[in-house]
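The structure under discussion appears below in the form of structure tokens.
Treat the numbers as computed from the prediction; the structure is a model and nothing was measured. Each chain gets a letter, A, B and so on, in the order the sequences are listed, and its residues count up from 1.
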Amino acid sequence: MKSSKWLVLTLVFALVFVLSACGSKKEDSASSSPSASAVAPTESAPASSAAASEEEIKPEDGAKLVVWYSASEKALVDEAAKAFKEKYGIDVEFQDVGPDKSIEKMITDGPAGVGADVFSAVHDRLGSAVQAGVVLPNDLHEEETKANNTQKAVDAWTIDGQLYGYPMSVETTAVFYNKDIVKEAPKTWDEVINFAKTYNDAKAQKYAYMWEVGNGYWSWGIFGGYGAYVFGKDGSDGSDIGLNKPEGVEAAKFFESLHDILPIKAADIKADIKTSLFTEGKLAMNVSGPWQTQEFKKALGDKLGVAEYPALPNGKPMMPFSGVKGFLVNANTKYPIAAKLFAQLISSEEFQQKNFELFGSLPSNKNVAASEKVTSDPFASVFLKQFDNSTPMPKISEMNAFWSTHEAALSSLWNDKADPQKTMDEWAKKMHDAIATAK
Amino acid sequence: MKRHAAAAGWLSALCMGLGQWYNRQYAKGLLFVLIHAAGIFLIASKLFPYLQGLVTLGTKGQHLEKVGKIYKNVPGDHSVFMMIHGVLAALVVLLYVVIYMMNIRDAVAIGRKREQGRDLKDLQSTMFPWMLLALPIIGVVFFTIMPIVFTSLIAFTNYASPNHIPPKNLVDWVGFATFHKLFTLNVWSNTFFGVLTWTIIWAIMATVTCYFGGILVALLINQQGIKFKGFWRMLFIIPYAIPQFVSLLIMKNMLNEKFGPINQYFRAFGLEGLPWLNDPFWAKVSVIVVNMWIGIPVTMVLVMGILTNISKDLYEAADVDGASSWMKFRNITMPYVLFATAPILITQFAGNINNFNVIFLLTGGNPATMNYNNAGETDLLVTWLYKLTLDFNQYNIAAAVSILIFLFIATMAILLYRRTRSFKEEDMIQ
């Protein structure tokens, strides 16, 4: 314990010297660290500090890391662990905690001292994690992270101007379609509606277009497309709920009207039902994410296509929610430097490339996204294009109020064709109350 | 000659063990002195800060400090751990006080015996059972009482997401504010009373249907002239033997309004089918019916056992008197069965109030509704509790609800149990 504290302190001092050497070049005679002063004058300021810190930063002695990641994608951690062991001689232990539940678990396990040092998460829970104080900011590698990843991915992991995460991959949703049934994916909703009128057959369980309507994540595309918002314009103002603004109400009207071409109750459309209908060739268009690409390819082969969402009746594109996966460092870790180094390593260009090759995960790294392999992939390229037309989920902790009310509101719109204005007002009020009681 | 008891008592009150020494019980006295010393030392050095922590619940949360370019995590007070430690410390102190009182009583009692000039030898034996019981008592205190006290205390704090989750933010005592919220704040009270009403309806319906369903099935199988009794018994016990995690999830798919086989049978006969899990009313019917399927075997097995115990002579006598089979059932079978199963009925009722599996696996509390806060139409208090703690981290409201559930079940159980005949008259059968 004590030795690691001293190590951190000396590192901090070394860094201060490096920074002061960059800032005031005139007095570089005072610099006591020869390596830092040697690097500093040769390059421009930010790059040199990054390069210097790369040289200076050493993981704590006797460090041992635990990483949380989903078991189905363990192979990536294994490879990163091997590279990390070679570079720093530090062992990395894998534990199966998926990114969907890691932050909840960290809030209880982290302070108790049994949490992972590095863990993967989706950006929308970042607000809760920061609120609970269980994550360390991405400070050592801030500049590289910002320079290497897309703006949306970096913004997703930033709160109040402070970068926390190490972005890894982006995910959003688009429309998979069966080329046997629809030759080309429809460009507008009018086409979808017209096609549905000819194709739908409730007896034979044939449907034109399906998504999990009762779920806010999947239905948001329509609302976002009409210009509705949940919290403020950039999703960070908890006091400004935009669901019942005219845009939201208009979206609700259109949302309701789609029940005519998908005459199923909201709760009956489940992911597994949707998947089995699609793979059996009964469902023409299935809204899903890149994580199901492999599964669908296996079932449909060459018949499988993917396209961006159809345009809304007002001519605007739909704006679905998107998520940015990344790594975070536990605030209570015993080895913060080693943990940061590992998070940086596993989210680096090399491993984003590997992640894409292994699992088809869409990279957040600009170079990888622009690489031949990704742009020539018919599925990844479409999803990345759709990602440009997407709204990253709001990440402030008030978002809990959205998730605890979305199903009820959407179901009553969908199942009962409830009055749009009234329902959206109620929804907004419900969220307002939930936020107020939590205060 | 009264001075022995008083002197020993006062000496023991002054310091544990002195009274025993005065009574010339040196070993016992030494033991008490040691306990006294250890107690004082522990309380002064360790327990006092813990107790203070229980009162303040921390003064400074964990936070980040920027040193140069690097952020450092500065550890602070973790309110919840402080609460656990505080409760533990309070229990240790309580234990110490109890021992102190026992020590005084012991000194006085022995003193009195000495005044009466009785032999002290046999008194050693009264200590022995206490020595044996000490370990279990300590176990009960720390593994049963501690968690209960801790959970109950959370109801009096503001421990809830997103603003009062340690370690960054502290948790504070808020007194009865949580209960006040639950009863008066519309967001919570609507949900609470709505869910409570359905919980009670559910518990009564589920208990009654399973109980009488079970008796009916048992009687039917036991009828003379029924062939393949073993086969029928096995058939009805199967739903109970399959893990509910499997069977209920399958049921959930079978009841799907559009794609489920049940509604497809309906459609094959030209009927529309029912919105099993989508309509609030039919969803409630669905869980009760599916629960019968699972719950009937339990009562059935129980009642079959009881039926074999009823003396054949009673029925023969009834036959001689020309009783109809309804009269035999009404006057012989039913009283026997009721008498033997009334206590079970109460545990089943209490169990159904907390019947988590059926609701959680079959409907998950759905259909969703705008009227409730974090709950659906079929949520019971206990599944609502689950959502509050695991999905929404509203620990204080959840703790308050669990206290209320406990009070409710305890009162019901005591009242009902005291009213049953099996409690009142041990050997009476009508």
Side-chain angles (χ1 to χ4, degrees), chain A residues 8-9 11-13 15-16 19 49 53 104 107 110-112 127-128 130-134 136-137 139-140 142 202-203 205 214 263-270 272-273 277 331-333 336-337 397-398 400 403-405 407-412 415 423 426-427 430 433-434 436-439, chain B residues 61-64 66-73 75-76 78 80-81 158 160-169 181 185-188 252-253 255-260 264 267 275-279 283 363-364 366-377 387 390-394 397:
Chain A
V8 172
L9 263 181
L11 280 170
V12 167
F13 277 121
L15 264 173
V16 170
L19 286 173
S49 71
S53 56
E104 295 302 309
I107 288 174
S128 301
V130 172
Q131 185 88 323
V134 293
L136 281 182
D139 41 18
L140 291 180
E142 193 173 356
K203 269 234 171 75
Q205 294 188 351
I264 306 176
K265 296 264 170 66
D268 286 338
I269 310 178
K270 293 266 175 271
D272 49 344
I273 286 171
L277 286 177
N332 296 288
T333 174
I337 306 274
S397 55
E398 282 90 340
N400 280 355
W403 294 121
S404 63
T405 49
E407 201 180 347
L410 291 172
S411 304
S412 78
N415 295 350
T423 313
E426 259 174 50
W427 189 2
K430 207 93 237 187
D433 289 349
T437 51
K439 283 270 178 318
Chain B
Q62 171 177 304
H63 60 282
L64 295 168
K66 198 170 186 178
V67 187
K69 199 184 164 200
I70 296 183
Y71 280 90
K72 273 197 72 180
N73 189 31
H78 193 302
V80 172
F81 293 159
N158 56 6
S161 172
N163 293 322
H164 296 285
I165 296 292
K168 191 184 170 194
N169 303 291
K181 259 190 195 177
L185 215 60
N186 259 341
V187 186
W188 291 114
K252 182 184 188 158
N253 282 336
L255 290 168
N256 189 306
E257 187 181 341
K258 211 76 187 183
F259 307 103
Q264 284 181 21
R267 267 178 230 125
W276 292 113
L277 299 178
N278 289 319
D279 181 78
T363 67
N366 286 339
T369 170
M370 290 292 275
N371 303 330
Y372 290 169
N373 200 18
N374 299 342
E377 291 274 4
K387 288 182 179 173
L390 273 96
D391 296 348
F392 303 108
N393 297 343
Q394 304 288 322
I397 290 275

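Contact annotation for A:Glu104: only side-chain heavy atoms (C-beta onward) come within less than 4.5 Å of a heavy atom of chain B. Contact of A:Ala112 with chain B is made through backbone and side chain together, with heavy-atom distances under 4.5 Å. A:Ser404 touches chain B through backbone and side chain together, each having a heavy atom under 4.5 Å away. With a threshold of 4.5 angstrom between heavy atoms, B:Asn371 approaches chain A through N, CA, C or O but not through any side-chain atom. Heavy atoms of B:Pro275 lying under 4.5 Å from chain A belong exclusively to its side chain. Only the side chain of A:Gln205 has a heavy atom closer than 4.5 Å to any heavy atom of chain B. Heavy-atom distances place the side chain of B:Phe81, and not its backbone, under 4.5 Å from chain A. Only the side chain of A:Leu277 comes within contact range of chain B, judged by heavy atoms closer than 4.5 Å.
The minimum heavy-atom distance between A:Asn332 and B:Gln62, with the atom names listed, is OD1-OE1, 3.1 Å. The two residues A:Thr423 and B:Met370 come nearest to each other via the heavy atoms O-CE, 4.0 Å. Residues A:Pro263 and B:Lys258 approach most closely at O-NZ, 3.1 Å, considering heavy atoms. Closest heavy-atom contact between A:Leu136 and B:Tyr71: CD2-O, 4.4 Å. Here the shortest heavy-atom pairing between A:Asp268 and B:Glu257 reads OD2-CB, 2.9 Å.
The shortest distance between side-chain heavy atoms of A:Trp403 and B:Asp391 does not fall below 4.5 Å. B:Asn73 places none of its side-chain heavy atoms less than 4.5 Å from the side chain of A:Pro336.
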Assess the residue pair B:Asn373 and A:Asp433 against the criterion (side chain to side chain contact (heavy atoms under 4.5 Å, CB included)); give the C-alpha distance rounded to whole Å, side-chain angles, the decisive distance to 0.1 Å, and a yes or no.
CA-CA 9 Å; B:Asn373 200 18; A:Asp433 289 349; over 6 Å; no
Between A:Ile337 and B:Ile70, does a side chain to side chain contact (heavy atoms under 4.5 Å, CB included) hold up when you go through it step by step?
CA-CA 10 Å; A:Ile337 306 274; B:Ile70 296 183; 4.3 Å; yes
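Under the salt bridge (charged side-chain N to carboxylate O under 4.0 Å, His left out) criterion, A:Glu142 pairs with A:Lys146, not counting sequence neighbours. Applying the side chain to side chain contact (heavy atoms under 4.5 Å, CB included) test to B:Asn366 and every residue at least two apart in sequence or in another chain returns A:Glu407, B:Ala368.
Of all the listed residues (A:Ser397, A:Ala331, A:Ser411), the one sharing the greatest number of non-hydrogen pairs under 4.5 Å with chain B is A:Ala331.
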